[in-house]
Amino acid sequence: MVSGADNPAHLAMAALCRLIMLLAVTAILLRCRRMNHAARQSERRYRLLFDSLTIAIWEHDFSPIVAQLARLREEGISDIRRHIETHPDIVIAMRKLVRITDVNATALTMMGFERKEDFFDYLGDFLPEGDKSFAECIIAIDERRPLFHTEAVVIPRDGAPRQITISFGLGPQASLDRVPGSILDISRSKALEGQIQHAREELAEVQRTGALAAMSASIAHELNQPMAVIHNYANAAQRWLARVPPDLEEVQQALQGLTRGVDHARLVMQRVRSLIGEARIDRAEIDLADVLAGTVTLMGREAAESQTRLTLFSSPAEPVMVLGDAILLKQVFANLILNAIQAMESTAPGRRIVTLALDARDGQATVSVCDQGPGWADPGTQQDFDSFFTTKKNGMGLGLSISRTVVERHDGTMRRSRAPGGGARVDVTLPLAVNVVAIPCAAAPGLIPV
Ligand code: ADP
């Protein structure tokens, strides 16, 4: 009788099982070898990439930090952030535990090393005492943040601190015993940023000083003319007083003129200051004819002294209303009249005439100031309007530029051209106040003297 074990069918079955097991083990072994091979290949590829990258990389072993964090939790500390904020010594101790497991060639060069073996062993070896970045890194590890990015300072071998940015992934999939950090050296761009900032500050300083100089020059320039008026009235008062007998009525008139001049000087100073600063100019509905008449009165004595006739023409029968600051606009016309008077120094006294003509059409008011002087030195350019351009011995080159600024602040324009007799002409155009209907007017020959 044949026992179960000796049964040929059983024997065959057992052999088959062994064979199947052998085959299965062989397949598993082969698969493991293939996997090992793939892993080695992937590791080789990683190394190759790691070493050839132009971005600096060093690898950290953060597992001791994970252990430390777990210990803190065991001790009942739940608010890790608060704990490390109040115990900075813990941060310093922890960074001494972070081993640098690898470093690539770019990082070696950046930190002043030639061989990997010589590189720092621990993160704490090259972070400065006052480092703030690692505290946040501990929190990021605790939170397993997928991406942690920070700016930090590191101390390379030569001891000269470098500013870097470092990024690494700490997400739940990352194995924290080998965390590669990508590092960018931003020392140069930071230094450049500092230089740019410094240059910017210097420029602002120069601009401030320049603005101050321009402001003082503008005030001085604008005060010149009211001061001349004051001076003239004071002289006149003295002359009338010195007469025998003194003409007290004339003295009184001169003193009234003087008081007006002082008031005007004060207002001019206020206005020029507000004009140069960012303050808004006062706008009120004003009649340009009144402004011009006031300017002619203001400049009367100046004109008389230089034997110049001021003639004012106004074509519109109605008031010519514009929105503006009467004092500033008076100053514009006073500047233009003064320039015209000065330009006619060599003109025969009988021909020294300044013509002011007021016109209104198409929603705009235009005041033309013409003289009988030699005209613009170079009619092709508008250079005369540039600040500090002057052809006069004692000129400041500010009158036209200030006037243009005032006109532009009133949404108007100022243009120069040639006057009919060859002298200079300046046209100041201002928008009419909206509720005033533009008045069509006759051509220049029909102008009515005011
Ligand atoms: P300033 O009177 O101090 O020179 P302005 O800005 O008022 O400054 O004038 C700049 C320049 O424009 C003058 O120096 C002169 O060359 C020219 N200019 C101004 N007004 C006239 C004019 N009516 N006729 C000829 N040239 C003029």
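Indexing begins at 1, ligand by ligand and atom by atom, following the structure's order. The shown structure was predicted, so the numbers you read here are calculated from the model rather than taken from an experiment.
- Atoms of ligand 1 lying under 4.0 Å from at least one heavy atom of G399, given by number and element, are 5 (P), 6 (O), 7 (O), 8 (O).
- In terms of polar-atom proximity, defined here as any N/O pair under 3.5 Å, N339 does make such a contact with ligand 1.
- In this structure, G375 has a heavy atom closer than 4.0 Å to ligand 1.
- Geometrically, ligand 1 and T391 share a nitrogen or oxygen pair separated by less than 3.5 Å.
- Between K190 and E151, at least one side-chain N (NZ, or NE/NH1/NH2) sits under 4.0 Å from a carboxylate O, which counts as a salt bridge.
- Listed by number with element, the atoms of ligand 1 under 4.0 angstrom from any heavy atom of A424 are 22 (C), 23 (N), 24 (N).
- Taking the six-membered ring where the residue is Trp, F62 and H60 present parallel rings, their angle staying beneath 30° rather than reaching 60°.
- With a 4.0 Å heavy-atom cut-off, ligand 1 is reached by the side chain of D371 but not by its N, CA, C or O.
- Close approach of ligand 1 to A343 is summarised as follows: ligand atoms under 4.0 Å from at least one heavy atom of the residue are 22 (C), 23 (N), 24 (N).
- Taking the charged nitrogens against the carboxylate oxygens, R157 and E114 have no contact shorter than 4.0 Å, which rules out a salt bridge.
- Residue L400 approaches ligand 1 through these ligand atoms, each under 4.0 Å from one of its heavy atoms: 5 (P), 6 (O), 7 (O), 9 (O), 12 (O), 19 (C).
- For the residue pair T101 and D61, no side-chain donor N or O sits within less than 3.5 Å of a side-chain acceptor on the partner.
- Defined by atom type and a distance below 3.5 Å, a donor-acceptor pair is present between the side-chain atoms of K392 and N339.
- Salt-bridge formation is detected for the pair D359/R361: a Lys NZ or Arg NE/NH1/NH2 atom is positioned less than 4.0 Å from an Asp or Glu carboxylate oxygen.
- Relative ring orientation between F148 and F168 is described as tilted, the plane-to-plane angle lying within the 30° to 60° band.
- If you number the atoms of ligand 1 from 1 as listed, the ones under 4.0 Å from a heavy atom of T390 come out as 1 (P), 3 (O), 4 (O), 14 (O).
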